[in-house]
Number of protein chains: 2
Amino acid sequence: MFQNVLIAEDQNTINKGVERTLNELNIPNVITAQYCDDALLKLKAALRIDLPFNLLITDLSFKADHRKRTLTSGEELIEAVKAIQPDLKIIVFSVEHRIGKIKSLIDTYDIDAYVEKGREESIELKKAIHTILEDKMYCSPSIAQLLRNVDDISQTDLYDELLLQLLAKGLKREQIANYFKEKDFPARSLSSIEKRINKLKVLFDAHTSEQLIAIAIDRGLI
Amino acid sequence: MFQNVLIAEDQNTINKGVERTLNELNIPNVITAQYCDDALLKLKAALRIDLPFNLLITDLSFKADHRKRTLTSGEELIEAVKAIQPDLKIIVFSVEHRIGKIKSLIDTYDIDAYVEKGREESIELKKAIHTILEDKMYCSPSIAQLLRNVDDISQTDLYDELLLQLLAKGLKREQIANYFKEKDFPARSLSSIEKRINKLKVLFDAHTSEQLIAIAIDRGLI
DNA sequence: TTATTCCTTACGGTATACCATAGTACAATG
DNA sequence: CATTGTACTATGGTATACCGTAAGGAATAA
């Protein structure tokens with residue numbers, strides 16, 4: 001079992017809760033950090049005295065407050081950690097459910113587990129830890145399901161996702177068409193872009209494009 | 001000190017954490033519920049055997065899963081609770097920071113405390129409990145600040161918030177104008193609605209109304 | 001009181017979005 | 001090869017959004 005575990009999570013109560021879960025697994029040393037910067041410092045300090053952490057459990061989003069921050073997100077923390085201690089096992093523990101975001105996290109940083117916050121989270125955390133001990137990757141069932149599907153999703157849908165993102169970024173229909181033309185994407189004409197948007201509005205039952213964006217954000221597509 | 005406390009919160013880990021915080025206050029009976037419906041059942045059962053809960057700590061949002069739900073949010077739970085046990089003390093414990101939502105919660109249901117989830121949440125929970133014991137209302141500092149300001153905020157801003165909500169709900173400019181006319185709000189003409197939207201776009205540096213909605217959602221205005 | 005300012009509204013022109021239709025290119029099929 | 005079907009595109013008309021201007025009214029200041 002892991003001996004030294006660091007939890008990076010700003011919510012006080014969650015820290016207490018995760019600590020208790022880890023206690024139940026008989027992990028002797030559990031340290032918490034409420035800021036990414038603190039987490040990195042503690043990792044470095046532990047390395048220096050030759051008592052490195054074996055596992056990092058980190059959230060993705062950290063609230064801003066009065067303190068000045070260098071690292072502002074779990075993703076930045078992970079990147080910094082990989083630079084100083086590449087073999088450290090990492091569990092990401094977050095409410096994030098945008099599959100694109102999670103996939104890129106897995107692909108880019110090769111994290112060891114993704115546990116989605118929710119009702120059964122502490123059971124899942126335990127499972128994740130046991131799975132990692134066997135050098136395998138763990139993922140919450142709901143997310144694993146989505147990950148399996150993500151490869152099946154037709155290219156079209158990915159273009160739809162991009163289209164929604166561009167709309168949310170403030171591009172007009174014609175600008176989007178030009179963007180698609182530059183990138184040499186299929187269905188790049190203004191007419192096709194309009195058709196696509198219309199299709200999405202029907203799909204999501206949106207009356208206006210403003211509502212379409214609101215729905216897309218709500219469903220985590222953007 | 002309170003003897004019987006019920007926590008309604010879907011996140012397992014937070015339940016554990018809050019439990020520990022309440023233990024530190026020497027509260028003997030702490031029960032948790034991961035569904036609003038369960039919370040209501042437990043409150044009713046406790047009333048029936050004449051051992052009612054003295055305090056409810058509840059989140060606002062509960063994830064949907066396979067289970068069929070009657071009550072789907074903390075707000076609905078609070079409404080139901082007020083019907084069967086109007087004198088029960090209630091602490092709302094949530095990440096919600098939209099001040100309009102919180103204000104309506106306080107005004108409508110007369111909740112006893114609002115604690116915003118964040119770094120110092122468990123300290124705040126303790127403060128909230130001590131304050132409630134003296135029959136006073138508690139509110140997280142950040143929120144209290146906003147509440148003090150909310151009365152100063154010109155009505156205009158509240159109408160702007162509503163306008164953004166209506167846009168996100170899929171109403172067209174003209175429909176919004178009609179809505180404002182029905183409610184007898186100021187600046188209810190189509191022209192004024194257009195000007196308002198334009199002002200908001202300048203304010204938020206949005207190129208299109210789609211982007212405006214995206215930004216408004218991002219900032220928690222909707 | 002008049003003058004000034006601010007807010008609201010009406011109106012008109014332009015740009016963009018929306019929608020239907022038809023034409024074209026290309027692949028699959030017989 | 002012709003035929004069919006599908007996806008993409010072009011085009012034009014209508015509706016809506018966008019933007020400027022000016023008129024009217026209420027509140028305020030001189």
Could you state the [atom1]-[atom2] distance from [X] to [N], rounded to the nearest angstrom?
{"X": "B:E194", "N": "C:dA15", "atom1": "CD", "atom2": "C1'", "result": "13 Å"}
{"X": "B:R173", "N": "D:dA15", "atom1": "CZ", "atom2": "C1'", "result": "13 Å"}
{"X": "A:L200", "N": "C:dC18", "atom1": "CG", "atom2": "P", "result": "12 Å"}
{"X": "A:N178", "N": "C:dT16", "atom1": "CG", "atom2": "C1'", "result": "14 Å"}
{"X": "B:Q211", "N": "C:dT16", "atom1": "CD", "atom2": "P", "result": "16 Å"}
{"X": "B:E174", "N": "D:dT16", "atom1": "CD", "atom2": "P", "result": "7 Å"}
{"X": "A:I176", "N": "C:dT16", "atom1": "CD1", "atom2": "C1'", "result": "13 Å"}
{"X": "B:R196", "N": "D:dC19", "atom1": "CZ", "atom2": "P", "result": "18 Å"}

Can you figure out which of [options] approaches the side chain of [X] most closely?
{"X": "B:R188", "options": "C:dA17, C:dT21, C:dT9", "result": "C:dT9"}
{"X": "A:S189", "options": "D:dA10, C:dC18, C:dT8", "result": "D:dA10"}
{"X": "B:K195", "options": "D:dT9, C:dA10, D:dC8", "result": "C:dA10"}
{"X": "B:S192", "options": "D:dT16, C:dC18, C:dT9", "result": "C:dT9"}
{"X": "B:S191", "options": "C:dC19, D:dC19, C:dA10", "result": "C:dA10"}
{"X": "B:N198", "options": "D:dA17, D:dC19, D:dA10", "result": "D:dC19"}
{"X": "B:K201", "options": "D:dC18, C:dT16, D:dT9", "result": "D:dC18"}

Gap between atom CG of A:N198 and atom CD1 of A:I193 - 0.5 Å precision: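 Between atom CD1 of A:I193 and atom CG of A:N198 there are 13.0 Å.
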Toward the 5' end of DNA chain D, by each residue's nearest nucleotide, B:T208 or A:P186: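 Comparing both residues, the 5'-ward one is A:P186.
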Which residue lies more 5' along DNA chain D, comparing A:K172 with A:L190 via nearest heavy atoms: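 That would be A:L190.
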SB check A:K42 A:D38 (cutoff 4.0 Å):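 Salt bridge between A:K42 and A:D38, a charged N being under 4.0 Å from a carboxylate O: no.
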First encountered from the 5' end of DNA chain C, between A:S209 and B:A187: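 The answer here is B:A187.
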Residue B:K63 excluded, over 12 heavy atoms near NZ under 6.0 Å: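 More than 12 heavy atoms, drawn from other residues, nucleotides or ligands, come within 6.0 Å of this atom.
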cation_pi(A:K117, A:F93) dist<6.0 Å, angle<=45: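 Because its charged atom sits under 6.0 Å from the ring centre and within 45° of the axis, A:K117 does stack over A:F93.
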Aromatic B:F180 / basic B:R196 pairing, under 6.0 angstrom, 45° off normal: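 Judged by the rule (NZ or CZ under 6.0 Å from the ring centre, within 45° of its axis), B:R196 is not positioned above B:F180.
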